[in-house]
Amino acid sequence: MAGLQQTLLRQISRANRRFGLIEPGDRIMVAISGGKDSWAMLHLLREYQRVVPFAFSCVAVNLDQGHPGFPVEVLRAYLEREGHEHRIVHVDTYSVVKREIPAGKAYCSLCSRLRRGILYDVAVELGCSKIALGHHRDDLIETLLLNQLYAGQLKAMAPRLRSDDGRNTIIRPLILCEERDLAAFAVEQRFPVVPCDLCGSQDNLRRVEVRRLLAQLEQTNPDVRRSLLAAAGNVKPSHLLDARLQGGEDEVEVEVEAAGGLVAPQMLVRA
């Protein structure tokens with residue numbers, strides 16, 4: 001366990017040095033879904049507090065979205081037992097998502113948008129300077145491919161990002177951590193992992209298709225994920241087709257099918 005924890009802490013430290021995620025005096029709202037990644041992030045950030053030469057604080061926030069059977073008391077009991085400062089917010093977005101999204105369609109986009117808006121408000125209320133989300137390396141890689149394959153964009157996930165409303169700074173401390181390491185760490189630590197029954201049960205998600213594609217590619221190239229991660233940080237703008245990068249403005253708007261949180265329309269360069 002200690003070896004795996006140290007590996008993950010080194011990756012968080014590396015991300016922090018590269019992207020300036022955590023700064024002296026920060027009060028960080030750690031968004032807790034009940035999944036393995038957010039539990040690991042909360043635990044590791046507390047460990048990180050003990051090794052960095054400056055002070056910052058964390059408050060765990062869970063949004064109970066009204067999912068039937070969501071075991072909010074399990075989360076509350078763990079947070080209290082471990083001594084984490086925390087807040088549990090109750091807002092029924094589940095009914096909204098079920099009402100607005102047709103049967104068979106992915107819920108993720110609307111669900112995440114509603115959740116994001118609520119968490120932004122809570123962060124301001126709690127006086128937080130940053131919001132930490134539990135996205136990891138594999139989330140970034142999958143999003144990079146999703147945007148290219150289904151949304152006509154060359155975009156992934158920013159390790160640090162100012163929110164659209166300008167009130168919050170989003171950070172992703174786990175952005176260099178591998179999902180399999182986080183999964184193993186969650187088992188070792190016996191986190192009370194709660195699956196997302198609302199969207200995780202949908203078999204037709206495009207993200208699932210991308211995961212299958214990556215698994216196929218890894219059969220012939222075991223380093224494919226490492227290569228894609230490196231590509232996200234090794235951009236050659238002069239070799240892309242965005243006319244704005246070449247000093248031009250000749251663009252055409254086209255409709256691109258949205259996929260699980262990716263939006264349309266997009267701007268493509270006119271040939």
Side-chain angles (χ1 to χ4, degrees), residues 1 4-16 19 21-22 28-49 58-65 67 70-72 74-76 78-79 82 84 86 88-89 107-109 111-112 115-116 119 123 128 130-146 156-161 170-202 205 207-208 210-211 214-215 225 228-229 232 260-261:
M1 185 277 291
L4 184 53
Q5 177 169 291
Q6 288 306 312
T7 295
L8 293 168
L9 282 173
R10 282 196 298 270
Q11 291 165 341
I12 289 175
S13 180
R14 180 183 170 203
N16 192 37
F19 306 116
L21 306 182
I22 303 172
I28 300 174
M29 189 185 89
V30 184
I32 300 297
S33 66
K36 67 183 190 311
D37 305 321
S38 59
W39 281 134
M41 176 174 63
L42 179 63
H43 177 97
L44 291 165
L45 285 178
R46 181 160 66 177
E47 294 300 315
Y48 195 54
Q49 285 178 295
C58 295
V59 52
V61 173
N62 171 258
L63 174 58
D64 177 4
Q65 298 177 260
H67 297 192
F70 182 72
V72 64
V74 172
L75 277 68
R76 190 194 311 277
Y78 178 82
L79 291 166
E82 293 296 315
H84 291 289
H86 64 279
I88 295 179
V89 181
Y107 301 142
C108 302
S109 178
C111 181
S112 62
R115 182 173 63 248
R116 186 164 56 245
L119 291 177
C128 295
K130 307 275 177 64
I131 300 174
L133 303 180
H135 298 118
H136 46 66
R137 180 202 71 166
D138 298 273
D139 289 325
L140 181 150
I141 291 167
E142 291 165 8
T143 301
L144 177 65
L145 290 178
L146 279 167
M157 287 179 166
R160 174 172 173 153
L161 181 69
I170 311 302
I171 62 173
R172 295 181 168 96
L174 305 181
I175 201 67
L176 301 181
C177 299
E178 297 185 29
E179 182 176 20
R180 61 183 178 183
D181 287 343
L182 294 166
F185 188 61
V187 171
E188 291 179 349
Q189 292 291 322
R190 299 183 179 181
F191 296 136
V193 174
V194 177
C196 180
D197 294 326
L198 180 62
C199 59
S201 61
Q202 298 179 66
L205 290 180
R207 190 170 292 271
V208 174
V210 166
R211 287 172 185 164
L214 287 167
R225 292 175 188 265
L228 285 167
L229 180 68

What's the spacing between [X] [atom1] and [Y] [atom2] if we round to 0.5 Å?
X: L9; Y: L45; atom1: CG; atom2: CG; result: 9.0 Å
X: I28; Y: Y48; atom1: CD1; atom2: OH; result: 10.0 Å
X: R180; Y: E178; atom1: CZ; atom2: CD; result: 4.5 Å
X: L174; Y: R137; atom1: CG; atom2: CZ; result: 12.5 Å
X: L140; Y: R225; atom1: CG; atom2: CZ; result: 11.5 Å
X: L75; Y: S38; atom1: CG; atom2: OG; result: 8.0 Å

Any side-chain heavy atom of [X] within less than 4.5 Å of one from [Y]?
X: I175; Y: D139; answer: no
X: V61; Y: V30; answer: no
X: V59; Y: C128; answer: yes
X: W39; Y: L182; answer: no
X: R46; Y: C58; answer: no
X: V89; Y: D64; answer: no
X: I88; Y: R76; answer: yes
X: F191; Y: L42; answer: no

Closest heavy-atom contact between [X] and [Y]?
X: M41; Y: P173; result: SD-CD, 3.9 Å
X: T143; Y: A156; result: CG2-O, 3.9 Å
X: L119; Y: L63; result: CD2-CB, 4.3 Å
X: I32; Y: N62; result: O-ND2, 2.7 Å
X: I141; Y: L214; result: CG2-CD1, 4.0 Å
X: P159; Y: L21; result: O-CD2, 3.3 Å

Please check: side-chain N/O of [X] versus main-chain N/O of [Y], any donor-acceptor pairing under 3.5 Å?
X: R172; Y: A158; answer: yes
X: H135; Y: L133; answer: no
X: H136; Y: D138; answer: yes

side-chain contact (heavy atoms from CB on, under 4.5 Å) assessment of I171 paired with N16: CA-CA 10 Å; I171 62 173; N16 192 37; over 6 Å; no
Distance-only donor-acceptor check, side chains S33 and R115, under 3.5 Å: no
Modelled atom types, side-chain donor and acceptor of H43 and Q5, under 3.5 Å: yes
Set of side chain to side chain donor-acceptor pair (under 3.5 Å) partners for E179, sequence neighbours left out: K36
